[in-house]
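Some notes on the structure that comes next.
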Amino acid sequence: MIEIIRQPAAMRTRAREVRREGKSIAMVPTMGSLHEGHLALLHEAKRRADFVVLTVFVNPRQFDRADDLQGYPRDESGDLRKAEACGVDLAYCPPVDAMYPPEYQTTISVVHLSEPLCGASRPGHFDGVATIVTKLLHTVVPNVAVFGEKDYQQLAIIRRLVRDLDFDVEIVGVPTVREADGLALSSRNAALTAEQRSEALVLHRALRRAQEIFVEGNLRVSSIRVQTRAMIERSPLAQVDYVDVVDAETLAPIETITHPALVALAVSFGNTRLIDSTVLLP
Ligand code: PAF
């Protein structure tokens, strides 16, 4: 049976016991509604440590819209069932008031990496992510923490945070898991209508096109950005938030691709905002 813990103090004590038994711990932070992408993270965690902790917490501080937080899918019993089937040892599912009691006032901010891309259109989002990930790392003290590469900017921020705050943890990124037709798995996909879902396939096609333009020898960012964006905008249901090409490590703007570059995009279909990305390797 999977063990369930809901309070930070109990989680800290249990993790200490596990370490005392000489076991290594892998942590997989999630907001629940587990899909195959999350299961890939759990399998990776199983491969890397003796004891796997799944965290499930829909973090209010990383939502910039109240309706988005309210509508975020939640399925704790389904999550626990799937986690148990994957061999997860413990699920840490704290309630909001255990993570943010009324007197709570601390925020962690990874300043520059949080500014571009999703940070520009979702103010405060990455401060919320950095804050909750810091709290989870402090409580569980894992040897390894596993995240999806689909949230590329988030992963870059977490890697920076861990270095800046001297956490003794290995951060592992797992490649994006896609449906057979290319749609990147996301808990948000469930909210797409059949028509929106079918149009959303343009995102993967546009990223593939960006790779093609690059491989054909066009290294100019403006040209890749304009062509990729135009392809998405031909889809009548797509509302582009951004399509950008930036340095893959610093996320800073670039004009020509001389180092690994990230093509990142965020596009809404109705109320559902999807993100996806690919890395261009010179
Ligand atoms: O990627 C997510 O699901 C969340 O942003 C995370 C890392 C669990 C923090 O709430």
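The analysis underlying the following values was restricted to heavy atoms, covering all of them including side chains, and did not include hydrogens, waters or symmetry mates. Remember, it's 1-based here, ligands and their atoms both numbered in the order they're listed. Start at 1 with the first residue, then count along the sequence.
Atom 9 (C) of ligand 1 has Gln62 OE1, 3.3 Å as its closest protein atom, hydrogens excluded (heavy atom only). If you check which protein heavy atom lies closest to atom 1 (O) of ligand 1, you get Gln154 NE2, 2.8 Å.
Only the side chain of Ile132 comes within contact range of ligand 1, with a heavy atom under 4.0 Å; no backbone atom does.
With sequence neighbours excluded, the residues satisfying side-chain hydrogen bond (donor to acceptor under 3.5 Å, both in side chains) with Glu21 are Lys23. Partners of Tyr104 by ring-ring contact (aromatic ring centres under 6.0 Å, His included), not counting sequence neighbours, listed by chain and number: Tyr100.
Every atom of ligand 1 is numbered from 1 in the order shown, and the set under 4.0 Å from a heavy atom of Pro29 is 8 (C).
Closest approach of Ala40 and Val174 over heavy atoms only: CB-CG1, 4.3 Å.
Looking only at side-chain heavy atoms (C-beta outward), Cys86 and His43 come within less than 4.5 Å of each other.
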